[in-house]
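In this text, all values refer to a predicted model and were calculated from it rather than measured experimentally. Hydrogens, waters and symmetry mates play no part in the numbers below; they use all other heavy atoms, side chains included.
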Amino acid sequence: MEREGAMAFEQLKAGIALILEEIEKRPEDRHVLREELREKIAELRGLGMPVPEDILKLEKQLEDDDSDDLYDNMPV
């Protein structure tokens with residue numbers, strides 16, 4: 001059973017890595033990709049797996065970027 005958990009963890013990490021690559025390639029789609037990243041993080045947590053610190057930092061950075069974008073569209 002422990003091996004299955006390790007395999008699931010590795011699959012999720014690989015999925016997260018692919019999402020990160022896509023964010024770099026397609027920054028204009030980062031809103032959609034951020035949601036995919038959140039889903040993967042939720043899956044890790046659902047399995048009781050630790051979320052790597054660098055992934056948590058990236059998630060926070062993406063959220064901060066999006067909140068900055070909100071104010072870019074406001075009239076002054």
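The structure places NZ of K13 at 10.5 Å from CE of M49, a figure rounded to the nearest 0.5 Å. Atom NE2 of residue H31 and atom CD of residue E36 lie 13.5 Å apart, to the nearest 0.5 angstrom. Taking CG of L47 as the reference point, atom CG of L12 lies at 6.0 Å (rounded to 0.5 Å). Remark: E28 CD to L33 CG distance equals 9.0 Å, nearest 0.5 Å. The distance from the CZ atom of R30 to the CD atom of E22 is 15.0 Å, given to the nearest 0.5 Å. Of the inter-residue distances, the one linking E21 atom CD with I16 atom CD1 reads 13.0 Å to the nearest 0.5 angstrom.
Residues I55 and L20 meet the side-chain proximity criterion, which asks for heavy atoms closer than 4.5 Å. Using a 4.5 Å cut-off on side-chain heavy atoms (C-beta onward), F9 and L44 make contact. Two residues are said to be in side-chain contact when any heavy atoms from C-beta on lie closer than 4.5 Å; K57 and D54 fail this criterion. Looking only at side-chain heavy atoms (C-beta outward), K40 and I19 come within less than 4.5 Å of each other.
With sequence neighbours left out, the salt bridge (Lys or Arg N to Asp or Glu O under 4.0 Å) criterion links E53 to no other residue. The salt bridge (Lys or Arg N to Asp or Glu O under 4.0 Å) check on R45 picks up nothing, with sequence neighbours excluded. Annotation: side-chain hydrogen bond (donor to acceptor under 3.5 Å, both in side chains) contacts of E35 (sequence neighbours excluded): R38.
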TODO: With side chain to side chain contact (heavy atoms under 4.5 Å, CB included) as the test, would you mind laying out the steps for D29 and I23 before giving the verdict?
DONE: CA-CA 7 Å; D29 294 334; I23 289 172; over 6 Å; no
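Cluster membership check: V32 does not share its hydrophobic cluster with L18, using side-chain heavy-atom separations under 4.5 Å among Ile, Leu, Val, Met, Phe, Trp and Tyr.
Enclosure of atom CD in E24 is not indicated, since only 12 or fewer non-hydrogen atoms of other residues, nucleotides or ligands lie within 6.0 angstrom.
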